[in-house]
Participant: 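Handing you a structure now.
Note that the structure is predicted; figures quoted are calculated from it, not measured. Within every chain, numbering begins at 1; the chains are lettered A, B, ... in the order of the sequence lines, protein sequences first and strands thereafter. Just so you know, these numbers use all the heavy atoms, side chains as well, and skip hydrogens, waters and symmetry mates.
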Amino acid sequence: MKTLRKCQLDKALDTISQNAVVYAPVKKGEMSCFVRYQDGVELELEENTLFSPKGILFPAAEKMYSYETTGLDMEIKKSDREFGLSVLFGVRSCDVQAIVCLDDVFLSKGFADEYYLTRRQETTIVALGCTNPGVNCFCQSMGLNPLEHEMADVQLFDLGDIYGLRARTEKGEILVKALDEVGLLAAGEGVSNPEVGEFFYNFSPEGVVEKLQMMFESPLWNELAQKCLNCGVCTFLCPTCHCFDISGKKQTAHCGHKLRCWDSCMFSEYTLMAGGHNPRPTKMERVRQRFMHKLRYFPERYGKFLCTGCGRCMAKCPVNLEITQVIRQVKEAVI
Amino acid sequence: MVRETVKWATSEEIKHINALVPKKAKIIKIIKETLDITTFHISSENGRIPFDTAPGQLVMLSLLGVGEGMFSVTNAGDHLEISVKKTGVLTDALHEVVEGQTVGIRGAYGNGFPVDFCRGKNLLFIAGGIGLAPVRSLIHHAVKRRDEFGSLHLIYGSRSPADLVYKTELFETWPAVSDFKVSLTVDHGDDEWQGNVGFVPAFVEQIQPSVENTACILCGPPIMIKYTLGVLDSLGFSPENIFTTLEMRMKCGIGKCGRCNIGSCYVCLDGPVFSLAQLKCLPNEF
Ligand code: SF4
Ligand code: FES
């Protein structure tokens with residue numbers, strides 16, 4: 001493991017910025033999110049950001065292509081995707097795991113999504129281990145290690161005044177080498193991994209998939225639906241929620257472009273068909289879909305939960321509908 | 001920093017890299033089937049099929065400036081055909097399209113009918129209304145390779161004689177194919193209609209088709225499917241031998257946008273064709 005003095009972090013980010021766009025966690029008033037790193041921004045390294053870095057790899061709104069019609073003819077032009085080499089700096093274990101889930105969705109099962117693929121290939125992930133879990137965090141319960149994630153390209157460890165750095169992939173090695181070459185790193189002999197603090201939540205989701213396979217008709221969903229407002233805050237903030245809508249935007253009568261935007265299974269139009277039929281007509285079906293997708297369907301399809309324990313939905317749900325509580329209710333349900 | 005050496009894109013599992021961008025295609029012919037159903041013949045700019053399709057697959061048609069919609073491929077041949085029923089903004093706009101107009105098309109998506117499973121079997125097609133559209137692609141396939149299949153029997157119904165689609169094929173082409181029986185019914189007849197009057201499920205019951213080495217392809221409005229399934233069951237068809245297509249709202253067609261799932265399966269990717277045996281294992285949410 002190499003080490004970097006915390007007071008040298010700005011220099012390190014400047015160095016990386018010479019070769020790539022760096023996205024780092026930044027405080028913005030009450031909010032925090034990943035933005036392009038520039039001199040003088042106020043980094044948020046104490047706790048995880050309110051907005052996950054998912055929007056960097058999968059933007060909330062993205063232009064896919066433009067078109068122009070002339071008479072009966074038409075031209076379609078694919079948007080040039082200029083993303084360029086990027087570094088996602090300071091990603092927590094839960095959000096690295098969320099990227100692993102997005103990889104499953106966008107890059108497997110026969111089709112790769114070109115937009116996501118381009119961004120993903122050009123991105124180096126620098127993860128930052130958590131030693132001090134937040135009040136809503138339950139990543140450990142979801143089977144993750146808050147200190148490190150093996151899918152990161154570089155792992156940072158918070159060691160007080162210094163960061164420990166470990167490259168895990170070729171991409172990661174290149175980044176670490178770049179920092180080493182300008183003399184920012186020390187050998188870090190004898191430093192050991194930090195320890196993680198206490199979590200408020202401690203549970204195991206074991207058996208939840210199997211249980212949910214028998215709970216499609218459970219009264220639990222009605223009970224949860226009574227509380228839920230279907231506002232969609234949870235899916236919006238969720239680092240793994242990836243549903244999108246494709247829509248058009250007309251500039252003139254003859255030209256415009258197609259966009260894709262984040263969508264939410266909490267909204268009633270989401271599954272509404274042209275003929276008027278809606279397979280998920282009420283809140284009950286939509287709430288059921290959200291939890292079933294995260295805790296049963298996704299594990300059935302991809303072998304992992306679509307919840308990484310980041311706790312954002314719990315922090316911001318206006319009616320305190322908490323997924324940890326739902327997991328408990330599922331485990332306790334008598335069938 | 002570096003670009004990954006295309007770790008994912010070369011992975012065995014990925015057959016296509018899809019940017020959800022449609023290809024240009026031309027409407028080469030428009031056939032008005034009924035008052036509210038129109039068939040479009042579509043080819044690529046150089047006059048060929050825009051991409052290969054299998055019977056029962058789906059294509060996404062874009063009318064840029066209006067929207068995109070997923071439709072069943074309804075033929076098998078050197079161009080693409082889809083039949084569209086007026087149900088909303090896009091399908092209304094499609095009915096205004098003229099021959100020679102350029103549209104966008106992408107696909108083909110979905111699994112399609114189990115052609116291998118059907119080979120060597122007798123095929124019983126049961127359809128109602130526009131439900132004949134997907135079924136027709138398999139009929140075309142079977143008629144082209146007539147010796148690969150046993151007897152063919154189509155039982156088809158619509159609201160009225162005027163609502164029957166593909167009339168030339170129903171009355172002329174298909175009855176002339178060897179060992180292909182076509183049985184038609186309408187909910188309400190008119191002065192000229194000499195055929196059967198009645199709903200599809202009752203008509204099937206009356207005909208008593210044989211289950212012997214037979215695969216049944218069933219497509220139509222949900223209510224028709226529901227009652228016909230009851231009849232098929234009493235005739236002795238097993239759930240493994242009955243196939244139907246499902247409809248869900250779709251946006252991407254490649255299992256990514258998330259909206260067309262039923263349980264852990266995506267209709268755009270794992271469907272739209274399912275055997276009744278498969279449907280019985282899915283949550284009842286479609
Ligand atoms: S944030 Fe809470 S209230 Fe809003 S949709 Fe999600 S669970 Fe329902
Ligand atoms: S249409 Fe997007 S997942 Fe099926």
Side-chain angles (χ1 to χ4, degrees), chain A residues 16 19-20 64-65 67 69 72-76 78 85-87 103 105-115 117 120-122 124 170-171 174-175 178 216 242-246 248 250 253-254 256 258 260 263 265 270-275 279-280 285 289 292-293 296-298 300-301, chain B residues 1-9 11 13-24 26-27 62 64-69 85 87-91 98-104 222 247-249 251-266 269-270 283-286:
Chain A
I16 306 172
N19 297 308
M64 304 201 306
Y65 56 91
Y67 65 87
T69 52
L72 292 182
D73 203 12
M74 162 190 82
E75 282 312 321
I76 297 173
K78 233 159 105 171
L85 298 177
S86 302
V87 171
D103 286 351
V105 172
F106 288 114
L107 303 174
S108 80
K109 303 278 176 208
F111 287 91
D113 180 283
E114 191 179 320
Y115 303 99
L117 179 66
R120 185 66 173 93
Q121 284 175 333
E122 295 186 339
T124 303
E170 240 183 279
K171 267 180 177 175
I174 291 170
L175 187 143
F216 192 75
H242 54 267
C243 292
F244 62 84
D245 186 26
I246 297 177
K250 262 191 197 178
H254 304 292
K258 279 268 182 190
R260 74 162 169 202
D263 203 347
C265 59
Y270 181 69
T271 48
L272 180 67
M273 305 201 336
R280 296 185 206 130
E285 289 87 5
Q289 165 64 21
M292 280 282 193
H293 188 206
R296 171 189 156 184
Y297 304 153
F298 199 84
E300 284 175 345
R301 200 171 172 86
Chain B
M1 290 358 83
V2 285
R3 183 167 211 270
E4 192 94 38
T5 35
V6 205
K7 174 166 86 196
W8 293 281
S11 89
E13 224 217 327
I14 294 180
K15 293 189 268 315
H16 308 276
I17 296 184
N18 197 295
L20 303 173
V21 180
K23 283 185 167 178
K24 272 171 75 169
K26 248 193 178 65
I27 304 278
S62 307
L64 291 161
V66 185
E68 284 189 312
K85 185 180 168 130
T87 48
V89 181
L90 174 71
T91 48
V98 295
E99 283 177 12
Q101 187 162 334
T102 307
V103 292
E247 269 186 60
M248 284 293 246
R249 181 162 193 190
K251 288 283 179 172
C252 69
I254 57 175
K256 317 281 187 219
C257 79
R259 74 196 60 236
C260 73
N261 77 299
I262 301 172
S264 58
C265 110
Y266 285 93
L269 205 60
D270 311 322
N284 185 15
E285 195 174 50
F286 43 88

Participant: Please check if the side chain of B/R259 supplies one atom and the backbone of B/R249 the other of a donor-acceptor pair under 3.5 Å.
Facilitator: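 No: the side chain of B/R259 does not pair with the backbone of B/R249.
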Participant: Need one label for B/P222: side chain, backbone, both or neither, based on atoms under 4.5 Å from any heavy atom in chain A.
Facilitator: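 Contact with chain A is absent: no heavy atom of B/P222 under 4.5 Å.
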Participant: Which atoms of B/V98 are under 4.5 Å from chain A, going by heavy atoms: the side chain, the backbone, both sets, or neither?
Facilitator: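 Contact with chain A involves the side chain of B/V98 alone.
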Participant: Scan A/Q289, A/R301, A/H293 and name whichever one has a side chain to side chain contact (heavy atoms under 4.5 Å, CB included) with B/N261.
Facilitator: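 Going through the options one by one, the only one that passes is A/Q289.
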Participant: Sort A/D263 into side chain, backbone, both or neither according to what part of it lies under 4.5 angstrom from a heavy atom of chain B.
Facilitator: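 Contact with chain B: side chain only.
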Participant: Could you please spell out the steps behind the side chain to side chain contact (heavy atoms under 4.5 Å, CB included) verdict for A/R260 and A/Y115?
Facilitator: CA-CA 11 Å; A/R260 74 162 169 202; A/Y115 303 99; 3.6 Å; yes
Participant: Can you say whether B/K23 sits under 4.5 Å from chain A via the side chain, the backbone, both, or neither, judging by heavy atoms?
Facilitator: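 Contact with chain A: backbone only.
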Participant: At a 4.5 Å cut-off on heavy atoms, which part of A/F244 comes close to chain B: side chain, backbone, both, or neither?
Facilitator: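 Both backbone and side chain of A/F244 come within 4.5 Å of chain B.
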Participant: Can you tell me which portion of B/T91 sits under 4.5 Å from chain A's heavy atoms? Options are side chain, backbone, both or neither.
Facilitator: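 For B/T91, no heavy atom lies under 4.5 Å from chain A.
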Participant: Does B/Q101, at its CD atom, have more than 12 non-hydrogen atoms belonging to other residues, nucleotides or ligands within less than 6.0 Å?
Facilitator: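 Buried by this count: over 12 neighbours within 6.0 Å.
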Participant: Non-hydrogen atoms of chain B under 4.5 Å away: do they reach the side chain of A/F106, the backbone, both or neither?
Facilitator: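 Both backbone and side chain.
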Participant: Side chain, backbone, both or neither: which part of A/M74 has an atom under 4.5 Å from a heavy atom of chain B?
Facilitator: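 Both parts, backbone and side chain.
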Participant: Does any backbone or side-chain atom of B/C260 lie under 4.5 Å from a heavy atom of chain A? Answer side chain, backbone, both or neither.
Facilitator: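 Neither part.
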Participant: Please flag which part of A/H254 lies under 4.5 Å from any non-hydrogen atom of chain B: side chain, backbone, both or neither.
Facilitator: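 Neither; nothing under 4.5 Å.
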Participant: So what's closer than 4.5 Å to chain A heavy atoms on B/L269: side chain, backbone, both or neither?
Facilitator: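 Just its side chain gets close to chain A.
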Participant: Who among A/R280, A/H242, A/K250 has the most heavy-atom pairs with chain B under 4.5 Å?
Facilitator: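 Of the candidates given, the most pairs with chain B belong to A/R280.
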Participant: Identify whether the distance between the nearest side-chain nitrogen and carboxylate oxygen of A/E75 and B/K24 falls below 4.0 Å.
Facilitator: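 Here A/E75 pairs with B/K24 in a salt bridge, since their nearest N and O are under 4.0 Å apart.
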Participant: Using a 4.5 angstrom heavy-atom cutoff, name the option from B/I27, B/N284, B/I262 with the most pairs to chain A.
Facilitator: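 Highest number of heavy-atom pairs under 4.5 Å: B/N284.
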Participant: Using modelled atom types only, decide if a donor and an acceptor are shared between the side chain of B/K251 and the backbone of A/I246 within a distance under 3.5 Å.
Facilitator: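 Confirmed, B/K251 side chain pairs with A/I246 backbone.
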Participant: Could you give the distance from CG (A/N19) to CD1 (A/I174), rounded to the nearest 0.5 Å?
Facilitator: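 Rounded to the nearest 0.5 Å, the CG-CD1 separation comes out at 10.0 Å.
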Participant: Using the rule side chain to side chain contact (heavy atoms under 4.5 Å, CB included), only one of A/K78, A/M64, A/K258 pairs with B/L20; which is it?
Facilitator: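 In the set A/K78, A/M64, A/K258, the residue that makes a side chain to side chain contact (heavy atoms under 4.5 Å, CB included) with B/L20 is A/M64.
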